[in-house]
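All values below come from the heavy atoms of this structure, side chains included, with hydrogens, waters and symmetry mates left out. Positions are given from 1 along the sequence.
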Amino acid sequence: MRVRSEVALRYARTSVITHVANPDSRPQEATFRMLLPDTAFISGFTMILSGNSYKAHVKEKNEAKQLYSEAVSRGVSAAHVATKARDSNHFTVSVNVEGNTTAIFELRYEDMLVSRNGLYSHVINLHPGALVPVMEVVVHIKESQQITKLNVPELRTGNEIDETLKDTQNSLAVIRNGTNNREVTVTFTPDLIEQRRLAKIYMEKSKENGTSTAFGQFVVEYDVERSNNGEILVNDGYFVHFLAPTSLPPLSKHVVFVLDTSGSMEGRKLEQMRKAMDTILSDLNPYDYFSIVEFSHFIQVHDLKEADEPAPRKKEYWEYNSIEADAPYTLVPPSLASAENIAKAKIVASRLDYTGGTNIYGALEAAIKITKKGVDQRNKTVANNTDATNLTENNMTKGVEPIIIFLTDGVAVDGETNTDRIISKITEKNSGDKRAALYSIAFGEDADRPFLRMVSLRNEGFMRHVYESSDAALQLHDFYRQVSSPLLSHVQFQYPAKQIKEGSVSRTQFRTIYGGSEVAVVGQIAADATEITPRVFGFYGSEDGQTLKRYEVTPRVAVRRTRDEHLPLERLWAYLTIKQLLDKRDAGDHSTDENSPEKKALDIALKYAFVTPLTSLVVVKPDESHAVDVESVDVTTTTTTTTTPAPPAPLVYHSEANFIDYENSAQPMSFHSYDDSMINHRAGLRGQDHDLHSVYGNHIIGGGSRTLGGDSVYSGMTSNLLSGDYTRLASYNSNRISGGYDHRSSVLTSGSRYSSSRRWPAYYHSRKNTKTLTRKYHLEGFRWTSLLLNASAEALTVLGANGEQVFLKLTTDVNPPVAADGDVECSNSLFAPWATDHASSVCVYVTRCYAARRITTDDYQHSYCVVNDGFAGVCCPPDQVLN
């Protein structure tokens, strides 16, 4: 296995070549597996089988699928692989290798390294699948400025936070400097003894059982010399403009911490959040301001005066539930980050406790109200004020950067629950001069990451996933460090129109540039331009935090019509432009004309052969008699195989999650072998429990018999889906399967109602697919429905009186169906504390019943009814009906 990375101007181009020999006379299946950085684009894949080379081609997704289908219909071998959304990072191909021959695989991918906390980090995952006689990793770095720092730590599992200078350095990594300080080569060649040692360490760190052929992540970190004026590089008609200020004093900021304390935060999550807040509060500067907003199903803005009072007694659960989601709260003015106030805030944070549901909209609305009121700015002044600054007496709070740090581990189940409406309303409210940057933290696996990503992108921020593990507090602190030091605000890059090609320049406006980060603007140079003379301006702070100063630089760079192969500016331009266009699309621009972000991104991806969420790789292998059907990763499926009689194993591409929707299939499910390192989300290296999200009929989808919390809820099951087995469930052993999550532990719960003769319909959905479906039918907050959803029928599926399947229709209309003659009374009401009068309950569409948010599939089986001509209803207490 040979890995070579060429890194120039922070842009990494990596090639992975693997040789797999089959010494047997009989054909055997070989697998090439690679874990990619989640920001990387695959740019090429080639296989050499029996001396013949097969090159993958990048096509638009629908065209790729059509080419694949045509190849299958002709009886030739074919495969196509597509990336999922932006966190897809698995590439696996299995192919038959003839006896006494060697298969060669080459995968190429490209990635732009991002500066985090002042360091660029290049990560290569080493998971060869076996001990290999020859392993060589070479990373060659060539920069335009002097390399000032270089770290090559010991291999990581991928579950640690970013390295520090205190990390143990890799003693086997050979570092060779170039003729100047701008070039360096790092080589790593572990022999078989070292590979065994690394595999053992990986298992210990990952807490895996059995054996492992995963070694971990090889990491090279570095930084370059930089100035506050930035750097512009030109090559072959393209330019890149870097800006990473370092020696400016940080701006004063107002941080609103919006913290989820719903019931699912109980235990380790809440403890880690408290611990992280203790550290984060200590990091505030003396001239910063802060506010603490706590939310579950209701909202509380904390007053530091609470720290002077005895700790309140913990309320009973029913006391918290008596508080309505729209209960009024008091807006407390922001507090200055003085030593006294920080000490009080730590006391307040240490008393945070769990309860109730999750009112995301109410919490974000409260945070925006606080930032709109601003802070006491009577002592704030502005230096070097000109007309261009647009600063007036009415918007002086531009001198204090408003930042919202929003942490949640769940989905919206209280207050406004429609995520599209939440995004729209929050973005509308968060506007004007006091518009705050919104940074979201998805804590654990149950947070609605697509929603959090979109609401952040629409509000000047980004989303990060923090994993529920022993170092979660460190992850939270590490996230905060990335946004804790705003150095420049309201930054704009302006380029003379005659010097650049129209429409070619990437993003040019940045709300905030933080210490340790870097922004890059790329574009194409006009054909007759002889120089580039941009103007960059914004604002920065003073040492005392009381003065806002104007920042402006006007660099001048000559344009030379030469080509330097070591400056990959054209591909860097393509990569960064696609990324930003996809961000724009994900932020809500769904236009479909020729100038839409999606159409532009697709055209560039096809031209430069990048595998993106809009494109796919296609491989057609002629003169074979078998075909392989590989579904797009977008629908989270595994593979099925169609063959004419032939002994070799088929060519198979595995998707990331290895799940399939068998709604129309009566065939048993088969699972290809994956190890823990291939099914998790954090660069594929986290040894955590697998997604046991859907259980129906005769089959089990998931990783063994573990729940999200790691505890089995099924008795009498012995399955090992990771080794390719599937299990038939002979009976439920008097256990019912609940679609709800235990309010305290967030694990799939079980009870004791359904007898062994009851069988649920066999419909399967992966968790990510389910989130899409629940959003489509406006069922956010009704978690139990995910276990009953039948996408093809657009219905919930329950059991009738005689055990037959009953389909209850769902609507995509945001306005739920209402009976024409008014709500009809029903007698099979929900049995819950809020159901005070069962006899007078009424049949309403499920989303109109507030109480239905907290029921289980079993509860619904006993209380469902039909609205109008077959819509999914529930027998609901009148005082729980939403109009």
Side-chain angles (χ1 to χ4, degrees), residues 1-8 10 12-18 33-37 40 89 109 111 113-143 146-178 181-208 212-224 471 474 478 677 682-687:
M1 180 178 183
R2 299 179 186 274
V3 182
R4 184 171 182 87
S5 287
E6 289 287 343
V7 183
R10 299 67 139 168
R13 292 169 291 176
T14 302
S15 170
V16 182
I17 300 176
T18 300
R33 179 179 293 127
M34 188 68 194
L35 305 182
L36 310 177
N89 52 17
Y109 62 90
D111 189 21
L113 308 184
V114 177
S115 179
R116 292 179 55 183
N117 300 322
L119 288 173
Y120 304 102
S121 182
H122 183 45
V123 177
I124 298 172
N125 294 287
L126 300 179
H127 286 216
L131 299 178
V132 293
V134 177
M135 172 174 284
E136 181 184 60
V137 181
V138 179
V139 177
H140 177 235
I141 302 172
K142 187 174 184 179
E143 288 288 346
Q146 180 177 333
I147 297 173
T148 57
K149 297 177 184 177
L150 181 68
N151 303 324
V152 186
E154 288 280 9
L155 266 63
R156 304 164 53 205
T157 65
N159 195 34
E160 305 91 342
I161 62 171
D162 291 345
E163 298 85 3
T164 68
L165 295 176
K166 297 180 181 179
D167 290 338
T168 304
Q169 297 300 292
N170 192 327
S171 60
L172 294 183
V174 177
I175 300 173
R176 188 175 69 255
N177 294 314
N181 292 328
R182 300 176 182 178
E183 187 174 3
V184 67
T185 301
V186 180
T187 305
F188 178 60
T189 54
D191 58 17
L192 291 174
I193 296 176
E194 178 65 11
Q195 290 178 39
R196 290 190 183 94
R197 186 186 75 86
L198 292 172
K200 182 179 180 181
I201 293 174
Y202 178 84
M203 279 197 304
E204 293 172 351
K205 287 184 177 180
S206 303
K207 297 181 174 60
E208 291 185 357
S212 173
T213 53
F215 305 145
Q217 291 181 330
F218 180 72
V219 179
V220 178
E221 289 188 320
Y222 73 98
D223 196 17
V224 298
D471 71 341
L474 294 175
D478 182 65
S677 66
R682 194 174 194 190
L685 294 172
R686 220 174 140 252

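Atom CG of L131 sits about 12.5 Å away from atom CE of M1, to the nearest 0.5 Å. A distance of 7.5 Å separates CG of L155 from CZ of F218, quoted to the nearest 0.5 Å. For the atom pair CZ of R13 and CZ of R4, the computed distance is 11.0 Å after rounding to the nearest 0.5 Å. Within the model, atoms CD of Q169 and CD1 of I175 stand 7.5 Å from one another, a figure rounded to the nearest 0.5 Å. Rounding to the nearest 0.5 Å places CZ of R182 at 10.5 Å from CD of E143. The CG atom of D111 sits 9.5 Å away from atom CG of L36, with the distance rounded to the nearest 0.5 Å.
For the pair I147 and N181, the minimum side-chain heavy-atom distance is 4.5 Å or more. Side chains of K149 and E221 form no contact here, defined as non-hydrogen atoms less than 4.5 Å apart. Between L126 and F188 the shortest side-chain heavy-atom distance falls below 4.5 Å.
Screening V219, V139, L35 for a side-chain contact (heavy atoms from CB on, under 4.5 Å) with I124, the sole residue that qualifies is V139. Each of T14, I141, V186 was checked for a side-chain contact (heavy atoms from CB on, under 4.5 Å) with H122, and the lone residue meeting it is T14.
Nearest heavy-atom pair, V132 versus L192, reported as atom, atom and distance to 0.1 Å: O-CD2, 3.3 Å. Shown here for V152 and A173, the closest heavy-atom pair between the two residues is CG1-CB, 3.6 Å. Nearest heavy atom pair, residue Y120 against residue L113, reads CD2-O, 3.9 Å. Between P190 and L198 the shortest heavy-atom distance is CB-CD1, 4.4 Å.
Put simply, the side chain of E136 never gets that close to the backbone of T189: no donor and acceptor are under 3.5 Å apart. D191 places a side-chain N or O within donor-acceptor distance of the main-chain N or O of I193, the cut-off being under 3.5 Å.
Summarising the local packing, CZ of R2 is surrounded by 12 or fewer heavy atoms from other residues, nucleotides or ligands at distances under 6.0 Å.
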